[in-house]
Number of protein chains: 2
Amino acid sequence: MADIILNQDSGRAAGSDPEAVPAEGEPIWDLIELLFFAYRDFVSDPDHVLEKFGFGRAHHRVLHFVNRNPGMKVADLLETLRITKQSLGRVLKQLVDQGYVIQKEGPDDRRHRLLYVTPKGEQLAMRLAGLQTVRIGRALAELGSGAHDGARAFLTTMIDADSREAVLRFIARADRARRPR
Amino acid sequence: MADIILNQDSGRAAGSDPEAVPAEGEPIWDLIELLFFAYRDFVSDPDHVLEKFGFGRAHHRVLHFVNRNPGMKVADLLETLRITKQSLGRVLKQLVDQGYVIQKEGPDDRRHRLLYVTPKGEQLAMRLAGLQTVRIGRALAELGSGAHDGARAFLTTMIDADSREAVLRFIARADRARRPR
DNA sequence: GAAATATGTCAACATGGCTGACATAATTTT
DNA sequence: AAAATTATGTCAGCCATGTTGACATATTTC
């Protein structure tokens, strides 16, 4: 089943404009729609768990990035999430009040509030990441060896060229942070 | 640039549980985060255009699927988007009132309201799809030949097994619909 | 000491989800 | 033909999460 009989439209129709990829010809419908559906399901697993905690997606994003980057500054989080401090403030306050995140004064600059997950916070963050890992792991297992690298390469190049380097640096740095040397 | 030096964690740590992928071991951080960032940028291009029209993401989704599936019923759209008819009603009404979508009485069952984009609606839908196609096309071009198939396979298996077949059927059907035989 | 920076907070507003209740028209069932 | 079901629409209100703008506080830098 799942016989893949989609449009093999890779002909690109030899548009009169062989320049700078201005999206001549037919849109790449299959990937546009698969991204929509895949992402929808990808976030739905955490959503169900979060609901039981009275949290939403916004809480998930904060918890995720704080867990991945213990000690990050509020400003870093704002830049990563690309939301306003007021939006962040609302969910962050709840996470702090309910003991999922703590804030420590910055050692060098005491204006900074460095963010850390508590054990309770880490437990939830890891549980949510685990759900998403199950889905991804299942997909990769179904696809065979090169799939992880392939997916990583595709998703990476889908990111704005400007942000790409920063994202990769973030991931690499977070891996070091969570993997005590 | 964009040197890929991420965690090559494909060792899976040989967990004591070789069963049913229960997310033992370390989460697949890189793909979790790349999905987040890639999707964020993927929807940001249309967002900017939609803003000028006074529309939001909700309008985009409706316009997209109606454009892809001319003559679809309201019930189909509700199922595809997985929202309530009240939520749909709000944005659909605006799209109809402003001449982007029209509704026709169903020929066999006159309770049905079959949805169609107008020329104006199609133009906007295609413009938005074009933006997303530029991004995807750029990524695929950067990656070489097998990338399209690889991305399709990965995203497909990321979808809930239940919905997968329906999604593929939808895409295949829509391709026929927009490609007058 | 003044200016800039990091963070927090109050108030108000917009979008787009949701539930519940109810209305209408058309079709299907009995 | 009457009754029940179905497809759609609509009103009212709530919630989560995004936004702007204004302002307060503590701290650091100039």
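Reminder, nothing fancy here: chain letters follow the sequence lines and each chain counts from 1.
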Exercise. Which parts of nucleotides 24-30 of chain D does protein reach within less than 4.0 Å, heavy atoms only, written one letter per nucleotide 5' to 3' as B for base, S for sugar-phosphate only and - for none?
Worked result: --BBS--

Exercise. Under a 4.0 Å heavy-atom cut-off, which of residues 51-59 of chain A touch DNA chain C?
Worked result: none

For this session: Answer yes if the ring centres of B/Tyr116 and B/Tyr100 are under 6.0 angstrom apart, and no otherwise.
Result: no

Seminar exercise, completed: Separation of D/dA22 atom P from A/Gln86 atom CD, nearest Å, is 12 Å

For this session: Ignoring backbone atoms, establish whether A/Ser87 has a side-chain N or O less than 4.0 Å from OP1 or OP2 of D/dT17.
Result: no

For this session: Check the distance between C/dG17's C1' and A/Asp47's CG and give it to me in whole angstrom.
Result: 12 Å

For this session: Name the orientation class of the two ring planes belonging to B/Tyr39 and B/Phe42 (parallel below 30°, tilted from 30 to 60°, perpendicular beyond 60°).
Result: tilted

Problem set entry | Side-chain H-bond candidate by donor/acceptor type, A/Asp47 with A/His60, under 3.5 Å | no

For this session: Determine, for B/Arg40 against A/Asp160, whether the closest basic-nitrogen to carboxylate-oxygen distance falls under 4.0 angstrom.
Result: no

For this session: Establish, from distance only, whether the side-chain atoms of B/Arg82 and B/Ser163 form a donor-acceptor pair under 3.5 Å.
Result: yes

Problem set entry | Gap between atoms CG and C1', on B/Leu50 and C/dT15 respectively (whole Å) | 13 Å

Seminar exercise, completed: B/Arg82 CZ to C/dC18 C1', in whole Å, measures 16 Å

For this session: Kindly check if the number of other-residue, nucleotide or ligand heavy atoms within 6.0 Å of NZ (B/Lys120) is above 12?
Result: yes

For this session: Kindly check if the number of other-residue, nucleotide or ligand heavy atoms within 6.0 Å of CD (A/Glu79) is above 12?
Result: no

For this session: Decide yes or no for A/Leu31 and B/Leu140: does some side-chain heavy atom of the first lie under 4.5 Å from some side-chain heavy atom of the second?
Result: yes

Exercise. Rounded to the Å, how far apart are A/Lys93 NZ and C/dT9 C1'?
Worked result: 10 Å

For this session: For B/His112 and for A/Thr84, find the nucleotide of DNA chain D with the closest heavy atom, then tell me which residue's nucleotide is more 5'.
Result: B/His112

